[in-house]
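Working notes, structure below.
The first residue of the sequence shown is numbered 1, and numbering continues consecutively from there.
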Amino acid sequence: MEKGASEPSPLDCARCGKPASLQCPKCAQLKLPREAAAFCSQDCFKAAWASHKSVHTKLDALTSQLSLEGWKYCLKKGRTRTLELPRFDWTGPLRPFPISKMRLVPDEIEKPDWALDGIPKIEPDSDLQKRVEIKTPEQIERMRETCRIAREVLDAGARIIKPGITTDEIDRVIHEETIARGGYPSPLNYHFFPKSCCTSVNEVICHGIPDARKLEDGDIVNVDVTVYYKGVHGDLNDTYFVGNVDEASKQLVRVTYECLEKAIAIVKPGVRFREVGEIISRHASMSGLSVVKSYCGHGIGELFHCAPNIPHYSRNKAVGIMKAGQTFTIEPMINTGIWRDRLWPDEWTAVTADGKRSAQFEHTLLVTETGVEVLTARLPSSPDVYPWLKPSSATSK
């Protein structure tokens, strides 16, 4: 983990617009965004106080209300909760909010072995951590069914995304839609992860925990869904626009989408796994963007994560070649600034080290005899949210 972010950039006074040299002490204590808390002088600060102090009141009121309802901040990979906002050298404007209690799954739903105590038992010691499995026709058919369900579930979550919706509400929809189809949300209690999906907003690279923060106009949010059904997992994610998004964010999301598409296009028997990173890195760097190196694609099937590891950056040392019958994910994480990341105190949320935005897309893929099948491909019914996709192209590759 990096030691810290670069020096904060100069700010303008929140009241008059002049260069600011002071910061509201209460905002600093609450770790609120610096942009609305900077002032050029004590006089400006005093003149703005009547309206400015409402920012503190609203946050205090929200935290107090949520605390009464059992919402708390998450710490230690989901194993601990606290009423206080954790202290941290935040890299960007985003802050964690309290999270709700863990959602329940009906007894009749088939569950992975971590569902009750948070500890995967079969996965860590499986020989499939070192050997890339060739799936049987029966396993492949189960994968197809599960991945289609996962796509339907993600699409349901995407349909409610708009300014004012909390990421916890997205999680609720993902959870309920998964259960309604007889599946288990794979992230739930996996190594103590407290929610049924990951929601990664703005500078969050991956593994963001759904919480009480309302999405704001101009945000981008990645929703990462994995479903466990009939003994296998299906994993995918998309990054969505919230309201009116700036051009730089639109470009980031589009290039990230293109990185995944270009990587998928080379998948076929005989291709080296390391080539995926070369393709992605080349396209991202052409747009002045960087590729995250700390997280990679992975094998998937009866195990959530297994061999092969598939890095998304160039000059990686991934071993092995693709063979028909293999299933794995490709899930590039692309940053506007530097590629390095840091972990929030919850020990799950990975954010950009410079506080700039990040985007991601993911598919679960099957290597066929002649190429690739995108098991989590968009459906004709998938929401039309990407301007660069024509309706005719929103079908399986």
Side-chain angles (χ1 to χ4, degrees), residues 1 26-33 37 54-105 111 114-120 157 160-161 164-176 178-179 184-216 219 221-226 341-351 355:
M1 189 170 73
K26 182 66 172 177
C27 285
Q29 179 187 348
L30 294 172
K31 304 292 186 182
L32 295 177
S54 65
V55 175
H56 313 149
T57 305
K58 288 177 182 177
L59 184 61
D60 285 340
L62 173 63
T63 302
S64 298
Q65 179 61 33
L66 292 175
S67 297
L68 290 174
E69 298 171 3
W71 294 59
K72 296 180 180 179
Y73 295 99
C74 179
L75 293 174
K76 296 184 179 179
K77 267 196 175 296
R79 286 173 287 183
T80 302
R81 303 286 189 274
T82 177
L83 291 171
E84 300 293 330
L85 178 71
R87 291 185 177 276
F88 187 69
D89 180 21
W90 311 103
T91 65
L94 198 70
R95 300 290 180 272
F97 275 63
I99 69 170
S100 60
K101 294 180 180 178
M102 189 175 291
R103 304 186 195 281
L104 301 177
V105 178
K111 301 173 179 64
W114 57 80
L116 294 179
D117 63 5
I119 303 172
I160 71 163
I161 293 175
I165 290 290
T166 67
T167 49
D168 184 79
E169 290 175 84
I170 298 172
D171 183 77
R172 176 187 59 78
V173 169
I174 297 299
H175 184 89
E176 291 175 357
T178 301
I179 300 253
Y184 180 93
S186 305
L188 187 62
N189 215 23
Y190 179 72
H191 292 289
F192 308 103
F193 189 82
K195 291 295 170 182
S196 297
C197 68
C198 300
T199 52
S200 301
V201 179
N202 297 342
E203 67 262 31
V204 179
I205 295 170
C206 61
H207 302 157
I209 300 174
D211 62 21
R213 179 188 180 274
K214 293 181 179 180
L215 292 174
E216 299 176 358
D219 284 345
V221 57
N222 177 274
V223 182
D224 194 338
V225 166
T226 312
D341 63 282
R342 297 184 64 198
L343 275 183
W344 274 4
D346 60 39
E347 297 180 14
W348 274 112
T349 306
V351 296

For [Y], does its backbone N or O pair with a side-chain atom of [X] as donor and acceptor, under 3.5 Å?
X    : Y    : result
R103 : K101 : no
K195 : S100 : yes
H175 : C197 : no

Does the side chain of [X] reach to within under 4.5 Å of the side chain of [Y], using non-hydrogen atoms?
X    : Y    : value
I99  : D168 : no
V201 : L215 : yes
T82  : T80  : no
W344 : I209 : no
D89  : R342 : yes
R213 : D219 : yes
E203 : T349 : no
D211 : T166 : no

Where [X] and [Y] come nearest, the two heavy atoms and their spacing:
X    : Y    : value
G208 : S200 : N-OG, 3.2 Å
Y190 : P120 : CE1-CG, 3.7 Å
A212 : W71  : CB-CZ3, 3.6 Å
Y184 : N189 : OH-CB, 4.5 Å
R81  : P194 : NH2-CB, 3.5 Å

Gap separating the [atom1] atom of [X] from the [atom2] atom of [Y], nearest 0.5 angstrom:
X    : Y    : atom1 : atom2 : answer
L75  : K72  : CG    : NZ    : 11.0 Å
H191 : I119 : NE2   : CD1   : 9.5 Å
K111 : L116 : NZ    : CG    : 7.5 Å
C206 : D224 : SG    : CG    : 8.5 Å
H207 : E347 : NE2   : CD    : 14.0 Å
D341 : T91  : CG    : OG1   : 10.0 Å

Around atom NZ of K77, are there more than 12 heavy atoms of other residues, nucleotides or ligands at under 6.0 Å?
-> yes

Decide yes or no on side-chain contact (heavy atoms from CB on, under 4.5 Å) for I161 and V223, but give the supporting numbers first.
-> CA-CA 10 Å; I161 293 175; V223 182; 4.1 Å; yes

Audit row: D171, T199, side-chain contact (heavy atoms from CB on, under 4.5 Å) steps and yes/no = CA-CA 8 Å; D171 183 77; T199 52; 5.7 Å; no

Member of S186, C74, P185, P187 meeting the side chain to side chain contact (heavy atoms under 4.5 Å, CB included) criterion with F193 =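 It is P187, the one option of S186, C74, P185, P187 that forms the side chain to side chain contact (heavy atoms under 4.5 Å, CB included) with F193.
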
Using ring pair (Phe, Tyr, Trp, His ring centres under 6.0 Å) as the criterion, list what pairs up with F192, not counting sequence neighbours.
-> none

